[in-house]
Amino acid sequence: MKTQVAIIGAGPAGALLSLILHQRGIESIVIERQSKPYVLDRIRAGVLEWTSVELLESIGLGERLHAEGHRHDQVKIGWGGNEILDIEFQKLAGKPMMAYGQTKVQEDLYAAAERENLNIIFESSDVELHDITTDSPYVTFTTNGETQRVDCDFIAGCDGQHGVSRKAIPDNKRTEFERAYPFGWLGILSETPPLPHLLYANNEKGFALCSERNPMLSRYYVQCSLDDTVDDWSDDRFWTELLARLPESQAELVVTGPSIEKSIAPLRSEVIEPMQYGNLFLAGDAAHIVPPTGAKGLNLAIADVHYLSEAFVARYAGEPAKLAAYSETALKRVWSTVRFSWWMTVLLHRFPGESSFDQRMREEDLAYLTRSESARRSIAEQYVGLDY
Ligand code: FAS
Ligand code: PHB
């Protein structure tokens, strides 16, 4: 097969890139390892920056997003037992955020792929990238037991943190920056009405987060040990821990119920530099990982795709400069977002073995945020997403 851009991975980054390129007259073929139901079944992010909302609207994906998404003008942070801090981002940063699960974003992208007849090849294995430093790169893979080959002008590596693309950049050309956090998030879904606002909490027992997916589907998280498995966490233990970590006035509002999904995710920060090598360009988790505390993983993938799609459009219009500068351009937002996610993670979690001094510094940060509208504005503008 031959195309202009071969895209590895049909998660949010790959599917969005293919859709935008198609709408701008550029052909692509997407090569995805998993089946379509498998990708659609993953429970991941829950919050869209307003910048992401506007991009999705611009490509015709605004209708369901506004019909089923829940617009929020603030989030709350519980700390110091019963203190509650409001981060009013509509008032402080002039933009809201939208609670709209990644699962729905993925459904919308695949529905658009069907409508616009995009070429996504699911259940592909043994994906290999070839000749990425030449003008004739190609991708080989196996599907239905047959080896396939896609000749292309460019390859977009959108295959996530465990993909093959990032490793196609030679070790001596690739720098990996990494921070692993000494805890994970235990997340559940329950068919119960969520709190009116997203609520993050820092408590002596650890972090907790109350979020949502729809008016009768709540998403909750508690910080847990990396040694834990979901079997260590009965529903009773989860609800007891969650309620104990929230300010009392908020804990009283939580409607508990049986979990219909329960999973543990480790927290990591990671950046791959550069995000391009020869005619290979990385976007999304293939290039960076952020702890979910800042609600940035999905949004940063969308931002990469914004920059990369603009660069491909310029290149095919005879302007190669944007594509040559893609990595430099994308990394500015990546590092700004990685710092924000790291900072929110340190602010809101308790680190095993940390000193009482560390906790006092954390409490001073939270007290300063309570006193200072400028400090709250800084969180607000980063949480809802800086302009591209
Ligand atoms: P993805 O990982 O979503 O997609 C990559 C795709 O490439 C996958 O479909 C994969 O099957 C495919 N692939 C991999 N290797 C391949 C190969 N060799 N060949 C072909 N295809 C291949 N973000 C938040 O903002 N909030 C959250 O609460 C949150 N929770 C998360 C929980 C978990 C368990 C994980 C893993 C991530 C979470 N994230 C969260 C981050 C998540 O939303 C990612 O940022 C987002 O999925 C990034 O999208 P992609 O870059 O498309 O990567
Ligand atoms: C979620 O709804 O899954 C969610 C919300 C906010 C976060 C992380 C996850 O910071």
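Order of appearance sets the numbers: ligands from 1, and atoms from 1 within every ligand. Reckoned from all heavy atoms, side chains included, excluding hydrogens, waters and symmetry mates.
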Between Asp235 and Lys262, does at least one N-O distance fall below 4.0 Å, as a salt bridge requires? yes
Qualifying residues under side-chain contact (heavy atoms from CB on, under 4.5 Å), relative to Arg44, sequence neighbours excluded: Arg42, Gln102
Look at atom 43 (O) of ligand 1 and say which protein heavy atom is nearest, naming residue and atom and giving the distance to 0.1 Å. Gln102 OE1, 2.5 Å
Do Tyr110 and Phe122 have their ring centres less than 6.0 Å from each other? yes
Got a donor-acceptor contact below 3.5 angstrom from the Arg376 side chain to the Ile87 backbone? no
With side chains defined as the heavy atoms from C-beta onward, is the minimum distance between Ser327 and Tyr277 less than 4.5 Å? no
Just so I know, are the side chains of Thr192 and Leu217 near enough to count as touching, which here means a heavy-atom distance under 4.5 Å? no
How close does the nearest protein non-hydrogen atom get to atom 4 (O) of ligand 1, and which residue and atom is it? Gly11 CA, 3.6 Å
Side chain proximity check, Lys2 to Glu27, heavy atoms < 4.5 angstrom: no
Check whether any side-chain N or O of Ser336 sits under 3.5 Å from a backbone N or O of Lys332 as a donor-acceptor pair, and report yes or no. no
Consider every N or O of Gln161 and every N or O of ligand 1, then say whether any pair is closer than 3.5 Å. no
Do Cys152 and Pro137 touch side chain to side chain, with heavy atoms closer than 4.5 Å? yes
Please could you name the atoms of ligand 1 that Ile31 approaches to less than 4.0 Å, counting only its heavy atoms? 20 (C), 21 (N)
Compute the centroid of each ring, for Phe183 and then for Phe207, and state whether the two points are separated by less than 6.0 Å. no
Counting each atom of ligand 1 from 1 as listed, which ones have a heavy atom of Gly163 under 4.0 Å away? 15 (N)
Could you tell me whether the side chain of His130 reaches within less than 4.5 Å of the side chain of Thr140, counting heavy atoms only? yes
Please tell me if the side chains of Gln148 and Ile29 come closer than 4.5 Å, counting only heavy atoms from C-beta onward. no
Does any part of the side chain of Pro320, heavy atoms only, come nearer than 4.5 Å to the side chain of Arg315, both counted from C-beta? yes
Report yes if His162 has an N/O atom closer than 3.5 Å to an N/O atom of ligand 1; otherwise report no. no
Gly297 N/O under 3.5 Å from ligand 1 N/O: yes
In the protein, which heavy atom is nearest to atom 19 (N) of ligand 1, and how far is it? Val127 CG2, 3.5 Å
Answer yes or no: does an N/O atom from Arg33 fall short of 3.5 Å to an N/O atom of ligand 1? yes
A student checking ligand 1 against Cys158 at a 4.0 Å heavy-atom cut-off should list atoms 5 (C), 6 (C), 7 (O)
At less than 4.0 angstrom from any non-hydrogen atom of Val164, what atoms of ligand 1 do you find? 18 (N)
Could you pull out, from Ala45, Ala10, Ala295, the option with a heavy atom nearest to atom 24 (C) of ligand 1? Ala45
Touching ligand 1 at all, Tyr221? Heavy atoms, strictly under 4.0 Å? yes
Need the list: ligand 2 N/O atoms against protein N/O atoms, distance under 3.5 Å, rounded to one decimal.
| from | atom 1 | to | atom 2 | distance (Å) |
| --- | --- | --- | --- | --- |
| ligand 2 | 2 (O) | Ser211 | OG | 2.6 |
| ligand 2 | 2 (O) | Arg213 | NH1 | 2.8 |
| ligand 2 | 3 (O) | Arg213 | NH2 | 2.8 |
| ligand 2 | 3 (O) | Tyr221 | OH | 2.6 |
| ligand 2 | 10 (O) | Tyr200 | OH | 2.7 |
| ligand 2 | 10 (O) | Pro292 | O | 2.7 |
| ligand 2 | 10 (O) | Thr293 | O | 3.3 |
| ligand 2 | 10 (O) | Ala295 | N | 3.4 |

Pull out every atom of ligand 1 sitting under 4.0 Å from any heavy atom of Asp159, numbered as shown with elements. 5 (C), 7 (O), 13 (N), 14 (C), 15 (N), 16 (C), 22 (C)
Ligand 1 N/O within reach of Ala13 N/O, cut-off under 3.5 Å: yes
Nearest candidate to atom 39 (N) of ligand 1, where distance is taken over non-hydrogen atoms, out of Arg44, Gln106, Glu128, Gln34: Arg44
Could you check whether any side-chain N or O of Arg333 sits under 3.5 Å from a backbone N or O of Asp304, counting only pairs where one atom can act as donor and the other as acceptor? no
Which of the atoms of ligand 1 are close to Gly284, meaning less than 4.0 Å from one of its heavy atoms? 51 (O)
Tyr383 reachable from Val53 in the ILVMFWY side-chain graph, under 4.5 Å edges: no
For ligand 1, which part of Lys296 has a heavy atom less than 4.0 Å away: the side chain, the backbone, both, or neither? backbone
If the threshold is 4.0 Å, N to carboxylate O, is there a salt bridge linking Asp159 and Lys167? no
To atom 12 (C) of ligand 1, the nearest of Glu123, Glu32, Arg42 on a heavy-atom basis is Glu32
Heavy-atom side-chain contact between Pro193 and Ser218 under 4.5 Å: no
Report yes or no: does a heavy atom of Ser124 sit under 4.0 Å from some atom of ligand 1? no
With a 4.0 Å heavy-atom cut-off (strictly under), which part of Val290 contacts ligand 1: side chain, backbone, both or neither? neither
Compute the shortest N/O to N/O distance between Pro12 and ligand 1 and return yes if it is under 3.5 Å, no if not. yes
With respect to Asp285, determine whether any N or O atom, backbone or side chain, lies less than 3.5 Å from an N or O atom of ligand 1. yes
